[in-house]
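Just so we're on the same page: letters track the sequence lines, and every chain starts at 1.
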Amino acid sequence: AQKITQTQPGMFVQEKEAVTLDCTYDTSDPSYGLFWYKQPSSGEMIFLIYQGSYDQQNATEGRYSLNFQKARKSANLVISASQLGDSAMYFCAMREGSQAGTALIFGKGTTLSVSS
Amino acid sequence: EAGVAQSPRYKIIEKRQSVAFWCNPISGHATLYWYQQILGQGPKLLIQFQNNGVVDDSQLPKDRFSAERLKGVDSTLKIQPAKLEDSAVYLCASTQGQDWGTQYFGPGTRLTVL
């Protein structure tokens with residue numbers, strides 16, 4: 001079974017609109033971390049936001065927020081006020097366990113296209 | 001603070017040739033990862049180092065791939081001999097172990113095997 005599922009291969013949004021990128025995960029470990037990364041066409045993976053499994057509040061970083069629904073095992077990324085520069089591939093990833101130095105498991109990604 | 005450095009950025013080789021990639025992590029980061037990202041997929045871990053020791057190489061095709069991190073700082077990943085299916089982007093990442101273990105990635109090396 002896939003550990004990280006991103007069901008939207010592509011999403012299209014207009015500038016200044018909000019967009020939600022879906023992510024569901026599967027783990028039996030009570031301690032885990034969820035990450036979102038952005039990968040522009042240049043190829044570098046850029047860290048956006050993190051949510052720990054024990055965090056009570058949803059994480060926010062500027063225009064990014066993570067809608068964490070633990071019971072549903074979902075960790076959707078919300079981008080408010082989209083900008084043209086947000087056009088990129090977005091990956092959801094999970095680290096299982098409490099140790100920080102554990103490798104990430106990535107989903108297949110969602111391509112976001114922002115138009116003017 | 002300098003980010004993760006990788007070289008070369010691009011490499012084109014013929015099958016059965018050998019190739020090596022280099023990575024220099026962020027200063028002070030003890031954990032280093034090599035990921036393989038095939039076109040249209042998310043990155044997949046190849047090998048993880050903690051200082052100069054291997055933590056996880058369970059997904060490394062050891063008959064053709066090798067990696068080392070001799071002094072616990074920079075690392076090299078080698079493929080010998082390369083196959084067509086090795087065409088991918090090879091990403092290096094590092095983490096300090098703090099900051100929730102966020103992994104910081106380099107720009108990657110795009111390998112094309114002809």
Specify the closest pair of heavy atoms between [X] and [Y], including all atoms of both residues, with the distance to one decimal.
X: T102(B); Y: Y37(A); result: CG2-OH, 4.0 Å
X: E44(A); Y: F105(B); result: OE2-O, 3.3 Å
X: A103(A); Y: L45(B); result: CB-CD2, 3.4 Å
X: Q39(A); Y: L91(B); result: NE2-CD1, 4.4 Å

Hey, which of A30(B), P43(B), G106(B) has the most heavy atom pairs under 4.5 Å with chain A?
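With the most close heavy-atom pairs to chain A, the winner is P43(B).
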
Is it the backbone or the side chain of Q37(B) that comes under 4.5 Å from a heavy atom of chain A, or both, or neither?
side chain

Give a yes or no on whether L60(B) and V113(B) share a hydrophobic cluster (residues Ile, Leu, Val, Met, Phe, Trp, Tyr; joining criterion: side-chain heavy atoms under 4.5 Å apart).
yes

Take atom [atom1] of [X] as the centre, draw a 6.0 Å sphere, and report whether it contains more than 12 heavy atoms from other residues, nucleotides or ligands.
X: K16(A); atom1: NZ; answer: no
X: K73(A); atom1: NZ; answer: yes
X: K62(B); atom1: NZ; answer: yes
X: L84(A); atom1: CG; answer: yes
X: E85(B); atom1: CD; answer: yes

With a 4.5 angstrom heavy-atom cut-off, is it the side chain or the backbone of Q6(A) that approaches chain B, or both, or neither?
neither

Should R95(A) and Q103(B) count as side-chain neighbours, where that means a heavy-atom distance under 4.5 Å?
no

